Amino acid sequence: DTAVSQTPKYLVTQMGNDKSIKCEQNLGHDTMYWYKQDSKKFLKIMFSYNNKELIINETVPNRFSPKSPDKAHLNLHINSLELGDSAVYFCASSQGQGAWEAFFGQGTRLTVV
Amino acid sequence: SQKIEQNSEALNIQEGKTATLTCNYTNYSPAYLQWYRQDPGRGPVFLLLIRENEKEKRKERLKVTFDTTLKQSLFHITASQPADSATYLCALPTDGGSQGNLIFGKGTKLSVKP
């Protein structure tokens, strides 16, 4: 069973489009995250959710919006896609806030053309 | 601002040797530090967590040290194997430790040759 699963694995789209990436975790964790890994391989936090509430929103463009229908899901919506949004996006979860290991999904490679 | 440096982008060693990876940080006093492994096309996988009051932690062939005075962590893989070849990431909590959001280093790509 996959602990943290993301769909789709690959996403190619044109500039200006709106797209969503879905994430689900079956670990019963309270906290979920979205990370972005750019072409230079830096992994950066974008959002985190704890018990369905946004607890921190790093300085990402407001074109990006996380949506959590329930504790097991955290989807990422991106409006008006730009070339610079091309990256690998990782969903992750942890048992709680603080010193817990993070479990990552396999990533979604987004390419904006 | 907080900064994490993994001082080697790549490390090549012979099978059976000990690999030592370094993580340095500045402008920061984290409550803990984590190490992850990332294989190509995959998400990071957690390896070890060490807290600020712990000097050393071990798990099978892995050993992590945490020196809060030097602001440095060392990650060792003993008796390395080709299967250990991967990128290893050091991670620290963004806020010191209360929320769990992590800052990652750029990683060190380890290649173990048979």
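What you are looking at is a predicted structure, and each value in this text was computed from that prediction instead of being measured. Every chain is numbered from 1, with letters handed out A, B, ... down the list of sequences.
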- Joint cluster assignment, B:Leu62 & B:Leu21, ILVMFWY side-chain distance < 4.5 Å: yes
- Spacing of CD1 belonging to A:Ile45 relative to CG belonging to B:Leu102, to within rounding of 0.5 Å: 7.0 Å
- Message: List the residues meeting side-chain contact (heavy atoms from CB on, under 4.5 Å) with B:Gln14, not counting sequence neighbours, and say none if there are none.
- Response: B:Lys17, B:Lys113
- Task: Could you tell me which residues in residues 102-113 of chain A have at least one non-hydrogen atom under 4.5 Å from a non-hydrogen atom of chain B, sorted by residue number?
- Result: A:Ala102, A:Phe104, A:Gly105, A:Gln106
For residues 40-52 of chain B, please give each side-chain donor-acceptor pair under 3.5 Å, one per line with the distance, not counting sequence neighbours.
none

- Reference residue B:Phe104; test ring pair (Phe, Tyr, Trp, His ring centres under 6.0 Å); the match among A:Tyr35, A:Phe42, A:Phe90: A:Tyr35
- Item | Which residues share a side chain to side chain donor-acceptor pair (under 3.5 Å) with B:Gln72, sequence neighbours left out | B:Asn24
- Message: Counting C-beta onward and ignoring hydrogens, is there a side-chain heavy-atom pair between A:Gln37 and B:Gln38 closer than 4.5 Å?
- Response: yes
- Message: Main chain of A:Trp100, side chain of B:Tyr32: is a donor-acceptor contact present, judged purely on distance under 3.5 Å?
- Response: no
- Query: Are A:Leu27 and A:Met32 grouped together when hydrophobic residues (ILVMFWY) are joined by side-chain heavy atoms under 4.5 angstrom apart?
  - Reply: no
- Query: Same hydrophobic cluster for A:Leu43 and A:Val4, using side-chain heavy-atom links shorter than 4.5 Å among ILVMFWY?
  - Reply: no
- Message: Surrounding CG of B:Asn53 (heavy atoms of other residues, nucleotides or ligands, distance under 6.0 Å), is the total greater than 12?
- Response: yes
- Hey, could you give me the NZ/NZ distance between A:Lys41 and B:Lys106, rounded to the nearest 0.5 Å? 10.5 Å
- Would a hydrophobic clustering, with Ile, Leu, Val, Met, Phe, Trp and Tyr connected at side-chain separations under 4.5 Å, put A:Trp34 with A:Phe64? yes
